[in-house]
**Student:** 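Below is a structure I'd like to ask you about.
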2 protein chains.
Amino acid sequence: MAETRRGRPTMNDVAAEAGVALKTVSRVVNEEPGVNSATAERVRRAIEHLGYRRNDGARVLRRGRTASIGLVIEDVADPFYSGLSRAVEDVALHNGSLVFTGSSGEDPLRERELVLAFCARRVDGLVIVPAGSDHGYLAPELTAGIQAVFVDRPAGAGLNVDTVICDNVGGARSGVAHLIAHGHRRIGFLGDDATIFTAKERLRGYRQALTAASIPYDPSLVAMGTPDQPRVTADITRLLTLDDPPTALFTGNGQTTVTTLRALTTLDPRRATKATTPRDTNTTPGTRDSSTTSGTRGTNTAGGTRDASAAPNLAIVGFDDFELADLLTPAITVVAQDPINLGRTAAELLFRRLTGSAGPAERIQLPTRIIPRGSGELPPPR
Amino acid sequence: MAETRRGRPTMNDVAAEAGVALKTVSRVVNEEPGVNSATAERVRRAIEHLGYRRNDGARVLRRGRTASIGLVIEDVADPFYSGLSRAVEDVALHNGSLVFTGSSGEDPLRERELVLAFCARRVDGLVIVPAGSDHGYLAPELTAGIQAVFVDRPAGAGLNVDTVICDNVGGARSGVAHLIAHGHRRIGFLGDDATIFTAKERLRGYRQALTAASIPYDPSLVAMGTPDQPRVTADITRLLTLDDPPTALFTGNGQTTVTTLRALTTLDPRRATKATTPRDTNTTPGTRDSSTTSGTRGTNTAGGTRDASAAPNLAIVGFDDFELADLLTPAITVVAQDPINLGRTAAELLFRRLTGSAGPAERIQLPTRIIPRGSGELPPPR
DNA sequence: ATGAAAGCGCTAACAC
DNA sequence: GTGTTAGCGCTTTCAT
């Protein structure tokens, strides 16, 4: 409380106040043994009185280890990555470490900036969901002893680091095989941007499933790009107006699945009445308040009602589970991966490295599992 | 690359390599003016050659400011807080600052640990969603010059800090008034744990709306607690089996809304057929794969079909918007607050403080808006 | 334009 | 048990 000097009190201030040497204060603060309990008590009183708190920055400078790690993901606001984040956080806390978090927003430059900023802060290690494919900038940091684990996507060529990913190929294959098992032969693939590793892998799985069922690959059934609404809606429109349109859709990630569902709702004249107020529209309270949407409940029979020319009775399987998938009508069948497991596994591997585990870089692949809920079990028309 | 000494190269190493003094290296690294361009080039080559990277920890120790902030929220994995996080992150990056993130998990002790750990790292400022109500531990830190902004919930008594919250009372009031305007007089309130500030405020709003409509307050219509499925299901069952059951429900936060919807689906025998595979159940791929759920689509008419004794045709308005609210049947009417705006406002206020803005603690209240989508416009039965 | 010396707050290594 | 000294890697101040 009582401070005469500018700034926070230091160990020196405490030492002066308690009438002991600096080192004794250090011993008390760090609970080292071998301090007379009376002396210790005097020091503790001085600490209390001055409101002293150890400066971990200085400590770190002296000791080498910062007890902090850096986490670079694509976007914390995405439920997939926020689950992963939480898992990393928990493991870090468990290991007495703090975590710097940063979202790259799928921008390789921002990824690089964040990683290097974390390295400049001398984090002990990094958990990275890479946006870019060139990680040469990391090499000197690794040489210098900073540990890194890549999650969800592998590092760019030439970098030999631990990696934790899910079985993208196998997951997509099983999801598409599921649709085939239910009688579909024209299956659309809506994927994330083709530059993204997971998107490419899942497309591979899609093709493998087709091959296994002796269904020829038709590139006109494939649409890839960022999962923004206009693009997805346009692509779906294109697919549905093909001469031989798909009877089922496989969507390549969570965002794309949701965007697809919204597109289908828009395209279906009967369903369209339901979602009158799109998200993010500015609605003045009390204005369109009661009129437009009331009474619509029960007017749509929810399934099997889409106008064939616009949004036919499509079967859907999505990669990634998402909240409320089970409450939609029909409920959405998904190929689920476990973001928490992904994050936990990566973080645990990182801390194992930090506590001395040597050996070559590991590549851990986590399984996916299919969760049938209804949308993926719909048969093709006729 | 070429390192003989242990650890990373320092400015000293660079200086030796370039044949200049330490200070000259510092000048080059920090792009200070007044260095001969030839000398600077030599230094730069040495930096490149040695793979030198400035140690920001040491820099910070000398300069005072750490260019980092701490963010303590309830749970990054919750979409509300992950949106808020992203906004804080973006503002921080914009201000050249890194952010330590930590989830308190609604545990006051963990909140305290995190905050103090951040303070020990000498973050410049803090953005806190408080879990506890006693923030006495923060006082010395504030005195020492660490800035703090509280978001979503105010600080405990006695702490005079900047606060950014949404209009919980007004939002709840307007949501409940909306239901009343649609003819409801028996309205259940399902809130978060009663110890949580926002839960209490929203209950107040609920009561205000009732009072304004001269509807007596009936405590048996109110249920508060953590939004776990068993508790919510039990409470809803209790509400629906009252002699005079509610015809509408107001749910007090996003999690509760979702849990409520899931409970209603379970309670409704007709809807129950739909969500056969609950989330988080371990389904072995290929086992229950195709049998249980196929063909259910179209069997439920989605709205207006609940068994009156279990889950009648309830109107619902929820506090907090959530992804897919618009795609449910019926789509869910919500009182939306804007987590991104909340985070951005708080972070901007923090950085304004950090750049010298003085003045008394501010208390900023952000508006909510009602988004009618269908579920809140259903009339009471008869 | 360049450099030498001091010191940020702490811990490690060694006295006493 | 306690204290002294050095120095982590950098910036600051003041010389040259």
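Lettering of chains follows the sequences in order, A, B, ..., and the numbering in each one begins at 1. Below, each value reflects all heavy atoms present in this structure, side chains not excepted, and no hydrogens, waters or symmetry copies. Computed from a prediction, not measured in an experiment: that's the story for all the values here.
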**Student:** If you measure from the Lys or Arg side-chain nitrogens to the Asp or Glu carboxylate oxygens, is any gap between Arg353(B) and Asp162(B) under 4.0 Å?
**Tutor:**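 Salt bridge flag = yes for Asp162(B) with Arg353(B).
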
**Student:** Just the rounded figure in Å: distance from P of dT5(D) to CG of Asn12(A).
**Tutor:**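 Spelled out: CG on Asn12(A) to P on dT5(D) is 13 Å.
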
**Student:** DNA chain C: Ala40(B) or Asn55(A), which has the more 5' nearest nucleotide?
**Tutor:**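 That would be Ala40(B).
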
**Student:** Going by atom types only, do Ser97(A) and Asn95(A) share a side-chain donor-acceptor pair under 3.5 Å?
**Tutor:**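 The criterion, which ignores hydrogens and geometry beyond distance, is not satisfied for Asn95(A) and Ser97(A).
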
**Student:** Mind calculating the distance between CG (Leu61(A)) and P (dA12(C)) to the nearest angstrom?
**Tutor:**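 Computing the Leu61(A):CG to dA12(C):P distance gives 12 Å.
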
**Student:** Once you round it to whole Å, what is the distance between P of dG9(D) and CZ of Arg63(B)?
**Tutor:**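 Going from Arg63(B) (CZ) to dG9(D) (P), I get 19 Å.
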
**Student:** Is Asp56(B) touching bases, backbone alone, or none of the nucleic acid, heavy atoms closer than 4.0 Å?
**Tutor:**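 Since no nucleic acid heavy atom lies under 4.0 Å of Asp56(B), the category is nothing.
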
**Student:** Tell me every residue that passes side chain to side chain contact (heavy atoms under 4.5 Å, CB included) with Leu22(B), counting only those two or more places apart in sequence or in another chain.
**Tutor:**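 Leu22(B) satisfies side chain to side chain contact (heavy atoms under 4.5 Å, CB included) with Met11(B) only.
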
**Student:** Roughly what angle, to 10°, lies between the helix axis at the start of the helix from dA1(C)-dT16(D) to dC16(C)-dG1(D) and the one at its end, five pairs per end?
**Tutor:**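 Here the local axes at opposite ends form an angle of 40°.
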
**Student:** What is the separation between atom CG on Asp13(B) and atom P on dC8(D), rounded to the nearest whole Å?
**Tutor:**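 Interatomic distance, CG of Asp13(B) to P of dC8(D): 10 Å.
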
**Student:** Find the distance Glu41(A):CD to dG1(D):C1' and express it as a whole number of Å.
**Tutor:**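 Whole-Å distance recorded here is 17 Å.
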
**Student:** Is the distance from OP1 or OP2 of dA1(C) to the nearest side-chain N or O of Thr39(B) less than 4.0 Å?
**Tutor:**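 No, because none of the side-chain N or O atoms of Thr39(B) sits under 4.0 Å from OP1 or OP2 of dA1(C).
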
**Student:** Can you name the residues that form a side chain to side chain contact (heavy atoms under 4.5 Å, CB included) with Glu113(A), not counting sequence neighbours?
**Tutor:**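 Glu113(A) satisfies side chain to side chain contact (heavy atoms under 4.5 Å, CB included) with no residue once adjacent residues are dropped.
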
**Student:** Any side-chain N or O of Thr24(B) less than 4.0 Å from the OP1 or OP2 oxygen of dG3(C)?
**Tutor:**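 Yes.
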
**Student:** Which whole-number value in Å describes the distance from Asn30(A) CG to dA13(C) P?
**Tutor:**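 Going from CG in Asn30(A) over to P in dA13(C) covers 14 Å.
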
**Student:** Excluding sequence neighbours, so at least two apart, what forms ring-ring contact (aromatic ring centres under 6.0 Å, His included) with Phe351(A)?
**Tutor:**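 Here no residue qualifies.
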
**Student:** Reckon Val60(A) touches a base, only the sugar-phosphate, or nothing at all at heavy-atom distances under 4.0 Å?
**Tutor:**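 If one applies the 4.0 Å heavy-atom cut-off, Val60(A) turns out to touch nothing in the nucleic acid.
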
**Student:** Please lay out, stage by stage, how Asn55(B) and Arg121(A) fare under the test side-chain hydrogen bond (donor to acceptor under 3.5 Å, both in side chains).
**Tutor:** CA-CA 6 Å; Asn55(B) 183 333; Arg121(A) 287 314 218 295; over 6 Å; no

**Student:** So do the side chains of Leu366(B) and Ile165(B) get within less than 4.5 Å of each other, counting heavy atoms only?
**Tutor:**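 Sidechains of Ile165(B) and Leu366(B): no contact.
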
**Student:** I need the CD1-C1' distance between Ile47(B) and dG9(D), as an integer number of Å.
**Tutor:**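 To the nearest whole Å, that distance equals 14 Å.
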
**Student:** Do Ser103(B) and Glu89(A) have a side chain donor and acceptor closer than 3.5 Å?
**Tutor:**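 Result is yes, a qualifying pair exists.
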
**Student:** State which residues pass ring-ring contact (aromatic ring centres under 6.0 Å, His included) with Phe118(A); sequence neighbours excluded, sorted by chain then number.
**Tutor:**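 Partners of Phe118(A) under the ring-ring contact (aromatic ring centres under 6.0 Å, His included) test: Phe100(A).
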
**Student:** Please state how far atom CZ in Arg8(A) lies from atom P in dC10(C), giving the value in whole angstrom units.
**Tutor:**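 It works out to 10 Å between those atoms.
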
**Student:** Can you give me the N/O atom pairs linking the protein to nucleotides 4-7 of chain C at distances under 3.5 Å, or say none if there are none?
**Tutor:**
unit_1 : atom_1 : unit_2   : atom_2 : d
dG7(C) : N2     : Arg62(B) : NH1    : 3.1
dG7(C) : N3     : Arg62(B) : NH1    : 3.4

